[in-house]
Each structure stands twice: as structure tokens, then as C-alpha cells.
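Everything numeric in this text was worked out from a predicted model, so none of it was measured. Indexing begins at 1, ligand by ligand and atom by atom, following the structure's order.
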Amino acid sequence: MTEKILTKDNQKEFLSRLIKDYQVFAPVEKDGNLLFSQIDTPEELAEEYRNTKQPPKELFFPHSEALFRFRKGQAIEESPNEAERVIFGMRPCDAKSLILLDMVFNAEGFKDPYFIARREKTTIISIACAQPQITCFCTSCGTSPVSEEGSDILLFDLGANYLVKSITPKGQQLIDNLGGLLTDAQKSDLKKRDELVKTALAKMKSEIPTEGLKEKLEGMFDSPIWEKIHLKCLGCGICTYLCPTCHCFDIVDEAVDSEGKRVRNWDSCMYPQFTIQASGVNPRLSNKERLRQRMMHKFNYSVSNYGQIFCVGCGRCVRNCPVNFDIREIVKLISEK
Ligand code: SF4
Ligand code: SF4
């Protein structure tokens, strides 16, 4: 796959051309928050950012979506017809999270046509992180600030230029379509890229001990550790809603008379009603059981089911928890048991 140079002077033209051919989503500032939104002009792109507040999962697995409609007992299918899309400016941790979501929504025997259609129609252009945040710990989670995994194209910010590396045939196709806007990378550009990689990795200051974590958790279901850990948790669910890999949902029928729709909505294991049964029994009565579930799901059950921890170390749950619950501290506590 090729390595090219895009000058920052040409960045607007690059985005304008993409906007002509694709629906383009990129980090945009809205009410003080950085979110992935569709852009109609290059000027809408946020100027400087580390990562978005919301992860990109909503672009593949919307917060709320109608799966089909019904009228007088007849189902009317919702077609997952999506336009060709580009997501520009994703970070490598979020690109990796899409690989994990593929394991859930595009598994043998469990195919989600809505998710799969969006994945197939989307080209991911990520930007390597030159300045990881203090809350980032992706290198403990099987990825890195410069990882290619999950991206179709990876950009490296070299100052006045971007080094543009195509990772997949889809990415290469997009680059080929841009014709003369990109020039071949020179040896000096590759050297600068290598420097950026070294610096970015050296700046990663936060880590969690994931080695042997699953095996530890196997024997900790009834551990007294959970009695203490949950005490400050409010059960607000922010950590799960902002997590790029959390994917629990609920399905409800919304109907008036004989017409309605079947809707899939995000849900959260941190909510009391998540496991309530028709009899009224709730096996996860308090935050203790719910928080244990969150940790077990991410670091134990996901490894059993998919061979991967379901955390990419993006740090969103650490930055946004209203009571400063820090998943890194909990993992450390568990590993010391
Ligand atoms: S964001 Fe914090 S307080 Fe809210 S549910 Fe998660 S851990 Fe608990
Ligand atoms: S658990 Fe926290 S750090 Fe890990 S991927 Fe989810 S939001 Fe990011």
C-alpha cells in the first residue's frame, strides 16, 4: 500500500472532493462538545482535537433506530440502505473499537444487517495521535496511538503536511480517486513519520495490567472487592454510553392502534432495569452487581467469547465519570488480589 503526502494547504480541497462523492463525517464542535457529525463544508471540521467526546459507534449502531414498521399485522421492512460514507479524523483506539463491534454484530450465526450495511459503505480515515492524553492507555489494550488496525487510511500529522498511508484496498481506491492532490512521500517524510511514532509511544504515560486479568477475574465473582468498589458509582451509565465498545441494547414496540415500529435503543448494564425479569426479580439488585458485570464483561467474558478485552483504552469513561470512577484503578486493584 502506498504512502503519499497531502499538504495542509490542500486539506480543504481534499475534504471538498470527498464531500462531493461521499457523506463525510468528522469531529465537529457543538455546544462545547466534540462529536462526529456530517459536514457539508471543510470549515466545519474542528481545528484541534485529541479525541471526540462521543465515540463513532453511533454512526454504525445508532442510539435509537427502527428495525421495521408494522401496520395491521403486516411487517414493513426498513431497508438498511446507506449512502457511501467517509469518516475523517477517527483516532486509532476508535478504529480498533469497530473491529471489536464487528465481532458482535457480524459474527457467524449473528448477522446484524443494519450494522453490516453501514460498515460496508464506510471508509475510515484515521489520524495517528501525536499527543496522547493523560487518560489514554491504548497500549495496554492491544492497540496504540499509531495503530493501523480498523482504519482504511491512516494520516500522520507532520506539521505542514500529512503523510497519508493506505491500509486497505478500500483506502487505496479512495486515494487513487483523488488523483493529483497527493504527491509521493519522500525519504525525509518517512523519517519524520518514524520520529512521530517514537514520540507518540514515549508520551503514553498511562497503563493497566491486563496480563492474566481474565484468569484473576474468573475466581473473583464473590470477592469482597466488589463491596467497596461500587460505593461511589451513581449508576448514571455515562461510562457505557460513551464507551466505543459497549453495545447493549433493548428492543421495544412503539405502537398506536394497529400501526407502529420495532425500535432498538441503547441500554446500559449500569441501569437497575437492565436485568429486571417479568416476575419482578432482578438478579443485579445494586450497583455492586452492575459494576461487577461491567468489569467482568469487558475483561473476562469478552475474552471467553471473542478472545479480546472489550476496552481500547480511550479513557472516555475516566474523563467523563461525574464521580471520577477510574477503570484503571479498578483493574490495578483486581490485579493485586
Ligand atoms: S459514569 Fe461513573 S458514576 Fe456513572 S455509572 Fe459509570 S462509573 Fe458509575
Ligand atoms: S472502558 Fe473506558 S477506556 Fe475502555 S474503551 Fe470503554 S470508555 Fe474507553
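- Applying the 6.0 Å contact sphere to NZ of Lys192 captures no more than 12 heavy atoms from other residues, nucleotides or ligands.
- Among the backbone and side-chain atoms of Cys321, an N, O or S atom lies under 2.8 Å from atom 2 (Fe) of ligand 1.
- Taking the charged nitrogens against the carboxylate oxygens, Lys214 and Glu218 do have a contact shorter than 4.0 Å, which makes a salt bridge.
- Atoms of ligand 1 lying under 4.0 Å from at least one heavy atom of Gly235, given by number and element, are 5 (S), 8 (Fe).
- The Cys236 neighbourhood of ligand 1 comprises atoms 1 (S), 3 (S), 4 (Fe), 5 (S), with distances under 4.0 Å to a heavy atom of that residue.
- You'll find the side chain of Asn161 stays beyond 4.5 Å of the side chain of Lys8, heavy atoms only.
- Other residues, nucleotides and ligands contribute at most 12 non-hydrogen atoms within 6.0 Å of the NZ atom of Lys72.
- Inter-residue side-chain proximity for Ile327 and Phe137 is flagged as met; some heavy-atom pair is nearer than 4.5 Å.
- Note on atom 4 (Fe) of ligand 2: protein N/O/S atoms under 2.8 Å are Cys311 SG.
- Closest to atom 3 (S) of ligand 1 among all protein heavy atoms lies Leu234 N, 3.2 Å.
- Classification of the Phe61-Trp266 ring pair by plane angle, with boundaries at 30° and 60°, yields tilted.
- Residue Ile276 qualifies as enclosed at atom CD1: its count of foreign heavy atoms under 6.0 Å is above 12.
- Close approach to Phe137 involves these atoms of ligand 2, each under 4.0 Å from a residue heavy atom: 3 (S).
- With sequence neighbours excluded, the residues that form a ring-ring contact (aromatic ring centres under 6.0 Å, His included) with His247 are His297, Phe310.
- Remark: ligand 1 atoms within the under-4.0 Å shell around heavy atoms of Val323 are 3 (S).
- Of the protein's non-hydrogen atoms, Cys239 SG, 2.3 Å is the one closest to atom 6 (Fe) of ligand 1.
- With distances taken over non-hydrogen atoms, the option nearest atom 7 (S) of ligand 1 out of Tyr271, Tyr241, Phe325 is Phe325.
- In this structure, the protein non-hydrogen atom closest to atom 8 (Fe) of ligand 1 is Cys233 SG, 2.4 Å.
- When the shell of 6.0 Å around NZ of Lys332 is examined, it contains more than 12 heavy atoms from other residues, nucleotides or ligands.
- Criterion: ILVMFWY side-chain heavy atoms under 4.5 Å apart, direct or through other members. Under it, Val318 and Tyr49 are not part of a common hydrophobic cluster.
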